Amino acid sequence: MTSSLPPEQRSASAGTAAAGTPSGGAPGSASPEQVHSPRKVRVHHLRQAKERGEPLTMLTAYDAVTARIFDEAGIDILLVGDSIGDNMHAHATTIPVTVDDMIPAVRAVARTARRALVVADLPFGSYEASPAQCHASAVRMLKEAGAHAVKFEGGEHLAEHVRLLTRSGIPVVGHLGFTPQAENILGGKRVQGRGHEAADRLVADALALADAGAIAVVLEMVPGPVAARVTEVLPIPTIGIGAGPEVDGQVLVWTDMAGMSSWSPRFARRFGEVGAELAAATRAYASAVRDRSFPAAEHVYES
């Protein structure tokens, strides 16, 4: 997914909110007071949520600390995105990210999440060449890292990749619209699916992924009416990011959702100002150390 930071701010950064489902158990199955229920979100719960018209919630997570917080808050799907590259590793894009980069992050999130479905991105260069290459990368995400599903970018031309993984017991989430790994050929971060021909192509790609066995499709930076059309014809859930409200769920990069920087994409809403709070806490800590008010007596062990 798209980075939360413009290029000039990425290296200086300290490092989505969706309409929610009831928080205990699987989507829509329990009341808000059951937020800490460990009942796992499974693949069939996603389709059930779509059938009931209950929005799915999805956020990125890259480590155990954020995974625990988001999981306990009742987020349905945790995406360990290749957006780790431009949000956590200070790359300009997601393209430099490798499978070896992804596995430790996926492992941390999967070990921590008790309820959420954990989806791992397959990074650029790890799946495009053939269904066999895609299968090998996906197997690593499940066997070595503990992911429950994988996500990769592309439409109908990758249907055979989806079929092979599905036959092998690996759930697949598709990704259409703006596909960040193809940023160079798309000419930058541009809205996709505008115009009748482009919209028809997007619908055809989504249907091909669903027919091949995909469990959901992320729609990124797509005009709202086009995303609504895809959602209407698709039997599997659509998860939007910059795709309007008429989809089956929403995803944001967590640093955008929590306000970790001074800039956010147009499609993101800042549900907090965690970056400012963290900066204030850091300044307070530094001040306390320098004026020797920390550690105080209550922080010292007695002999």
Side-chain angles (χ1 to χ4, degrees), residues 1 18-22 25-29 39-58 75-79 116-122 127 131 134-135 138 142 147-179 192-193 196-251:
M1 294 182 297
T21 62
S29 64
R39 183 183 174 193
K40 294 291 294 183
V41 176
R42 306 288 189 182
V43 167
H44 62 281
H45 294 140
L46 306 188
R47 191 182 288 254
Q48 289 173 359
K50 179 183 178 76
E51 291 169 352
R52 290 194 292 257
E54 297 168 353
L56 293 160
T57 58
M58 187 179 193
I75 295 299
D76 302 315
I77 307 166
L78 293 180
L79 171 64
L117 184 79
V118 177
V119 179
D121 265 346
L122 298 189
Y127 63 91
C134 185
H135 182 268
L142 270 66
H148 307 134
V150 299
K151 179 174 76 66
F152 50 85
E153 301 175 5
E156 187 173 5
H157 68 288
L158 295 180
E160 287 305 314
H161 297 54
V162 177
R163 285 192 180 91
L164 175 59
L165 267 60
T166 301
R167 288 198 304 267
S168 302
I170 303 172
V172 177
V173 176
H175 187 146
L176 297 172
F178 174 66
T179 48
Q192 301 296 307
H196 293 300
E197 184 176 345
D200 288 347
R201 179 72 262 170
L202 190 65
V203 171
D205 280 335
L207 287 170
L209 293 176
D211 182 65
I215 63 170
V217 175
V218 169
L219 299 175
E220 181 166 0
M221 291 177 64
V222 172
V226 178
R229 178 182 165 193
V230 174
T231 301
E232 183 179 5
V233 302
L234 221 57
I236 58 175
T238 56
I239 311 293
I241 176 167
E246 295 183 67
V247 288
D248 298 309
Q250 299 288 338
V251 58

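Since we're looking at a predicted model, the values are computed, not measured. When a residue number appears, it is its place in the shown sequence, counting from 1.
Heavy atoms only, all atoms of each residue included: L207 and V233 are closest at CD2-O, 3.8 Å. Scanning all heavy atoms of the two residues, the minimum distance from A212 to A159 falls at CB-O, 3.4 Å. Between L209 and G154 the shortest heavy-atom distance is CD1-O, 3.5 Å. Residues I170 and A138 come closest through the heavy atom pair CD1-CB, 3.9 Å. The shortest non-hydrogen separation linking D76 to L56 is OD2-CA, 3.5 Å. Heavy atoms only, all atoms of each residue included: I75 and I77 are closest at CG2-O, 3.3 Å.
In this structure, the side chain of E232 does not engage the main chain of A227 through any donor-acceptor pair within 3.5 Å. The backbone N or O of V172 lies less than 3.5 Å from no partner atom in the side chain of K151, so there is not a single donor-acceptor pair. When atom types are taken as modelled, the side chain of K50 and the backbone of G249 share no donor-acceptor pair closer than 3.5 angstrom. Here the side chain of H161 pairs a donor or acceptor atom with the backbone of Y127 at under 3.5 angstrom.
L79 is not listed as a side-chain neighbour of V218, based on a closest heavy-atom distance of 4.5 Å or more. Two residues are said to be in side-chain contact when any heavy atoms from C-beta on lie closer than 4.5 Å; V226 and R229 fail this criterion. Taking 4.5 Å as the limit, every side-chain heavy atom of E246 sits out of range of all side-chain heavy atoms of T231. Side-chain contact check for V217 versus V230: every heavy-atom pair is 4.5 Å or farther apart.
Once rounded to the nearest 0.5 Å, the distance linking CG of L46 with CE of M58 reads 9.0 Å. Interatomic distance, OG1 of T166 versus CD1 of I215, reported as 9.0 Å (0.5 Å rounding). How far CG of L117 is from NE2 of H45: 10.5 Å, rounded to the nearest 0.5 Å. One distance of note links CG of L165 with CZ of F152; it measures 5.5 Å at 0.5 Å rounding. Here the straight-line distance linking atom CG of L158 with atom CG of L164 works out to 12.0 Å at 0.5 Å rounding. We find the OG1-CD distance between T179 and Q192 to be 7.0 Å, quoted to the nearest 0.5 Å.
Under 4.0 Å is where a charged nitrogen must lie from a carboxylate oxygen, and between E160 and R163 at least one such pair does. Salt bridge D248/R47: absent, no basic N to carboxylate O contact under 4.0 Å.
A 6.0 Å sphere centred on NE2 of H196 holds no more than 12 heavy atoms belonging to other residues, nucleotides or ligands.
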| Is there a side chain to side chain contact (heavy atoms under 4.5 Å, CB included) between E156 and R201 once you walk through the steps? | CA-CA 9 Å; E156 187 173 5; R201 179 72 262 170; 2.5 Å; yes
